[in-house]
Amino acid sequence: MTTDVELYKRQFYDEARDILEKANDDLLRVEADPGNEEILNSIFRGVHTIKGSAGTFDLGEISEFTHGLEGLLDALRNGRLLLKPDIVDVILEGFDHISLMIETLADGGEACVDRTLMRRFKDICERNQAVKKSSESAVHKGETKRPEPSPAVPRRLKEQFRAHSSKGLNIYRIKVNYTSDVFRNGFDPLVLLRNLRESSKFYYVEPYEHTVPVLSKFKALDLCLKPTIYVATDAGLEELKNLSFDPSLIEIRKLRISDEKTDGEKTCSGKEGIDKDLLKEFLIGSSDMLESMERAIMHYEKTDSQDALNEVFRAVHTIKGDAGCTGLKGLKEVAHSLETLLERLRKGEIKRSPEIVDTLLAGTDAFKEMISGIENNMHVSHHSIQDRICRHLGEKDEAVAGRVSLLPDGSEKVFLMQARQYIDILRDNIKPLPLDSCRAKIVRRALEGLDKAASFMKIGELNILIQKALGTIGGTDDTLVLKAVEDISIFIEGVGKGRLRLGEILVRDGKVSEKDVRDALSRQEKIGRILTDENNVGEKDMGEAVRKHEIMDRAGRARSSATPETRTMRVEESKIERLSDMTGELLVSKNTFEHLISQIASKGKVTPSMIKSLKDNMYLLARVTNDMHHGVMSLRMVPVKSIFQKFSRVVRDISRKQNKMIDFITEGDDTEVDKQVADKLSDPLIHLVRNACDHGIEGPDERRAAGKPERGNVILYASQEGSNLVIRVTDDGRGVNREKLFEKAKSMGFDADSPDDDNLLDYIFMPGISTKKEVTDVSGRGVGMDVVKTAVLSLGGDVGVVSEEGNGSEITLSIPTTMGINDALLVEADGKLYALPLDYVVETVKITTNKLRKHRNNILFHCRNEVLHAVRLGDMLSGTGNGRDKLKNDVEIPVVILKTGTAKFALVVDRLHKKMELAVKPVPDSLSMIDIIGGVSILGDGSVVLILNPERLFRSAGGGNQ
Amino acid sequence: MAKTLLIVDDAVSMRGLVAMTLRNSGYEVIEASDGKEALNRLQGKKVSMVITDLNMPNMNGIEFVKALKSLPAFKFVPIVMLTTESEDGKKQEGKDAGVKAWMVKPFKPDALLGVVRKIIG
């Protein structure tokens, strides 16, 4: 069941990603069209959906954060707030943070809420509300709902509330949302109001006359009573809710009066764990406190002033109190130890020393670290500072006790960690042999500790090994000890690696209880400590052992989180539906075959009509398999929109940052591309788009000076051209400065002829050039261009660049689409079959050999008003050159006319076979140097056929120098 | 025989969670991703209850409820809105269309089961 929930949670992550992507896009659209309520609404709904779903999946962080964002969005869609670029910035940041939280959660981490961002949401809302409120004094719509994160209390009530809340009463704001319907059904809101009044010590109704229409429009059965009531009561939220027959009809919100301590203290005493509001306050307050504490420590260091010490003490004490109240255990413990230390300093029991001051400062650092850890939802260990303080105090046990409770749950892990720690101690002390008495004692103690741990974990085998080892200590031959210890460490490592969750198994089997294990471990810990206390193990060694232990702990956690992840892909439902329809047809066809076969069997012979039905059915089957193949392939395809969408954000960010005006236009969004290709293209495209905006498009002034419109254009265009996916990134910016590029290329030692060299622009893809700042600045192109090229080449594609100085640049990526299936023409040459991709075939003709003309080494012929270069396929493949002589005179020979990107030529073959669909597999590595082979496939009879690559074929035929 | 419910929600995660909750409690569940699909799925079937989202592509919750209520076979099937929408206007619209109860997301699976049990037992 939990795994199922996990599954849906993953789905939720996917959905949320989609929603965010769309919201991002919508937001940018609405920025250009601020009044468009529809889009604002859709953004709001998206975030609202995420909030709702997150709540359902118990992802409190996300719902809390989205709630904050939603408040802002709500204000926007209600027109209470105008969408300005700075607000868009904040919202985008919000979206980013949600994405971040989702990705963290999806990776098994813990999401944390960005409090500063939330505060900014709130600030923007309130700032504008304040403005609004003052401007609209009399006219006030009663119905507008305000989901303020924390409702503002009318100022005139604040004093009274403060008085009441200091008496321990709870302050609530209650909105009564009874509808006329409810009223007509006989439910009287007055009953609720009366009950409410009776159960409150203080009762105040916000004026609401404005909801009552004038008498002429007044209907007796309409409910106009929709008051907002403020009460101070000792009743709880639930009790208030129960006052209404339907709690959903009233909206109750607890108010916190911003005067604090007493109120805060009270809430936390009743509550377990960490109170979020308190935490927030604590986090805000603590940073000031820490700063003054730091100052005081420094002052104390210089002057030994008792006052400064007192101030430090006060700060620590406050932190301790606040932390304890907020439920931050680690902080409280550290503060407590520090307090003890300070107390002794005050009494003069410990003398001021640089070390002590260092420790005090380290204490503040630890506080800061832990607090930022809390803000980011990370656990920051406080052991080291705790140990450090305790060293000054000489009170070790107390710290140790605090520490045990903090060990992670799951006794098996603890045991392993513990055991490894012992092993480390053993290894560090066992050499050199022979053992001296001091180290023998250490080894013995470690072994005894391990023995105890083993017996608590009921690992008999380990006990035996340890007893054996103990027996060898003090014997004549210390190598026996070494060997025994090695055996033990091997055994323990084996347990760890084999992921035998011993403790888990034992606990599950009911052989030990978790408490037992923990008790056992607490005792062991002490033994480990005693080692230090009695100076058997040096502080340094112990520290090292502890550090190793921590590293292992982390490593263990990393390993456990690396469970295999199932990769999923989202597919349009309609595609799947089509596939399942086809499966149905497949079944029909199978049944027909069955029927036909049984008919043949019963008749004992095959009639022509049967053959016809068999054939018909064959055609049906062929069609269905064909469709299915395409269907399955299309599952892998996604519209390029999915990658293009991200870029509008990139463009916007740059234009905001650099004060440029850039319009980002995408064309051919619906072009479909293989998911893997899309993933690989995303990064290079970002580079290209960024370059276009960053270096290509000029600032408005420069553009105006150049006689161009202020707004620059960056166009991202995708289309399917033949078997290639073509993506163009075009800008109308300043273009590449050929002169400078030429200089640079030459200085880099590249072989460039002149600034007008056609191939000059290709140098921008060279890694050496692209990374140099000078060139990127002047050329307008550069950073990451080699990344682009590498990525595109790895997809088997090509990059091209065209640029005109002053008028912009265009980068074209063309990537062969890997549909995996190709229409091909089968031809025969020298008795073997080859396939030619049909996309390249213009036509097939038969000509008589005497029409072929020989010119030097080339064969030429005239076809449809064109002189074409002809090559005999067989000769080319066998490498024997052009053998026109092999062609008999006056015989009709088949010729395939091919058109590649660069040229058109004719391929003379021995025979034309048929057109066929082939499932193309890539060329095996061993053949990859033969570039005229584009792929391989298997024919119906099981034979292998090579698919030729016409582009290369032509080149190797020497057509390039024609 | 187990009672059958129809779940309409375009968010697969939500729909899946609701469906799973109900299936685990012994109900049969038909799932649909929007109003249109739901109407198609319902053809010739009998359901004891419908749980639907409000904001969906193609045909939203309110339209769907109206369409459903116009079919004689489903005129009296109780419909529960399970949505993030909590605006009173929308609720009223839903009520007018014939929605029996309105649950606002986030929901707890147990609470949902409670509502279902209360309505169809």
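A quick note: this is a predicted structure, and the numbers were derived from the prediction, not measured. Throughout, a chain's letter reflects where its sequence line sits, starting with A, and its residues are numbered from 1.
Here the side chains of A:T49 and B:N55 are not in contact, with every heavy-atom distance at 4.5 Å or above.
When all heavy atoms are compared, the tightest approach of B:S13 to A:F12 is CB-N, 3.5 Å. Shortest non-hydrogen contact noted between B:V12 and A:E15 is N-OE2, 2.5 Å.
From A:T56, atom OG1 reaches atom CG of B:L82 across 7.5 Å, with rounding to the nearest 0.5 Å. With values rounded to the nearest 0.5 angstrom, B:T83 atom OG1 is found 6.5 Å from A:H48 atom NE2. From A:Q11, atom CD reaches atom CZ of B:R15 across 8.5 Å, with rounding to the nearest 0.5 Å.
Of the two parts of B:S33, only the side chain, counted from C-beta on, holds a non-hydrogen atom closer than 4.5 Å to a non-hydrogen atom of chain A. Neither the backbone nor the side chain of A:Y13 comes within contact range of chain B, judged by heavy atoms closer than 4.5 Å.
By the neighbour-count criterion of 12 heavy atoms within 6.0 Å, atom CD of A:E38 is sparsely surrounded, having that number or fewer from other residues, nucleotides or ligands. For B:K90, the NZ atom sits in a loose shell: 12 or fewer heavy atoms of surrounding residues, nucleotides or ligands are nearer than 6.0 Å.
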Checklist entry - Going through the checks in order, is the side-chain contact (heavy atoms from CB on, under 4.5 Å) test met by B:L17 and A:F57? => result CA-CA 9 Å; B:L17 193 70; A:F57 286 111; 3.7 Å; yes
